Amino acid sequence: VVFTEQQDAIREMARRFARERLRPGYQQREATGVIDRKLLKEMGQLGLIGVELPATDGGMDAGAVVAGLVSEEIAYGDFNIGCVQMMGSLLGGLVSRHARPEIAKSWTRRQLAGEVILGIAVTEPQAGTDAANIQLAARTDGGGHDGYVLSGEKTSISFCDQADALIVLARTGDQGTGAPNGGAKGVTAFLVPTDLAGLTTRRFDDLGHKIVGRGSVFFDAVRVPATLRLGAEGTGFTQVMQGFEYSRILLSLMCLAAAQASIDETWPYTRERTSMGAPIASYQGVTFPLAEAESRIAACRALCYHGLALRDAGRPYRVESAMVKSLAPKTALDAIQQCIATIGHAAVSMDLAHQQRLRDVLGFQFGEGTAEAMKLIIARERTGRV
Ligand SMILES: Cc1cc2nc3c(=O)[nH]c(=O)nc-3n(C[C@H](O)[C@H](O)[C@H](O)COP(=O)(O)OP(=O)(O)OC[C@H]3O[C@@H](n4cnc5c(N)ncnc54)[C@H](O)[C@@H]3O)c2cc1C
């Protein structure tokens, strides 16, 4: 993939920030369990969050390909900080496109400046892959309050106890569809500030992405003003699924970048480490698996940028997005595992970053859609719903 000079310049800025400010503290930050807000503001001040969003909302109008380059670079330095950055593209985009202009200006500007964190709340205890089956209720408030009352539970929500606001998918009704509760067409999106009364959280003890924090969010009659609804009632499901089409590519690039970081650290080791009187790099049994892993990463990466270029050209890219999300996290995990196998005993210790990358990437085989869900999308595009 060949990039323009302008695209390369933004990538270079992201690379410098990631290698100098993020990479050195990747492992130490894990123990803190929270996002370093100062670091986030630094990233925002450099303009590295939501680069593709309109300048009027605090972005750079730089296009999806550049957002991909930035996602890759940031995740190379720290996969978890990459998650906040990716949410800038996904959720900044949703708010910018669908919220009232004054709400979009306020929230998106602050998100892109690194001043607030936004999360997305779709999954419920009974609805993961089957996201159209969400039940969290948003009832119009009859008590003279112009808005909605949200009741129910969301689960598996990233940034559950750190997000300043969540984009919440809730059920508003059947919208005349005739389907029970309206199916996907009965779902509406809301921007819900997390300091509203009645909203509580419980964090899970996860294997990885510890500074992100994933958990449940409980809504006990949370009153949300109608001004915080995104778009019309019944349009929330489509808004969010279209957003995921895009963010799945960015997330794929992040997983591949984490794996590339491990590979880049492993090649020099094969030259330094000797066994039976020669560097292990002289054994093809050592170098070929790494060469294969890096080739697979490169192939997935090329498909990511193809999808992003289609998006920038205003052309459909749903299939490319689903294809790469079905492949990239597993490809990345296999590559990191190969690096561990190549290095040997030293790589199993917590001293090296490989084990953390493995733990951080692992959950993103499921987050934003499993490989099976992606194959369903591809098959439906090819055969229609049969
Ligand atoms: C690290 C991480 C971060 C996350 N962050 C968020 C977040 O911020 N916000 C949010 O809303 N959610 C989040 N999630 C939840 C995520 O979106 C769900 O895990 C995902 O949608 C899958 O749902 P599930 O885990 O309940 O699996 P299920 O839907 O219960 O599926 C279980 C298994 O069955 C398969 N399966 C299900 N249906 C079918 C089918 N029709 N055909 C074939 N196979 C099928 C799945 O592929 C999977 O292997 C996160 C998850 C993780 C792990």
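Values below: all heavy atoms of this structure, side chains included; hydrogens, waters and symmetry mates excluded. These numbers come from a predicted model, not from an experiment. Atoms within each ligand, like the ligands themselves, are counted from 1 in listed order.
Interface of E372 with ligand 1, defined as ligand atoms under 4.0 Å from a residue heavy atom, comprises 43 (C), 44 (N), 46 (C), 47 (O), 49 (O). Atoms of ligand 1 lying under 4.0 Å from at least one heavy atom of V122, given by number and element, are 10 (C), 11 (O).
In terms of N/O distances under 3.5 Å, ligand 1 is approached by S158. Residue D130 places no N or O, backbone or side chain, under 3.5 Å from any N or O of ligand 1. The shortest N or O to N or O distance between G369 and ligand 1 is not below 3.5 Å. When only interatomic distances are considered, the shortest N/O to N/O separation between H209 and ligand 1 does not fall below 3.5 Å. The distance criterion of under 3.5 Å between nitrogen or oxygen atoms is met by I120 with respect to ligand 1.
At the shortest separation from atom 36 (N) of ligand 1 among protein heavy atoms lies T129 OG1, 4.3 Å.
The backbone N or O of I211 sits less than 3.5 Å from a side-chain atom of Q162, completing a donor-acceptor pair. For the pair R248 (side chain) and M323 (backbone), a donor-acceptor distance under 3.5 Å is absent.
For S156 and T123, the side-chain atoms include no donor-acceptor pair closer than 3.5 Å.
With respect to D206 and K210, no salt bridge is recorded, no charged nitrogen being found less than 4.0 Å from a carboxylate O.
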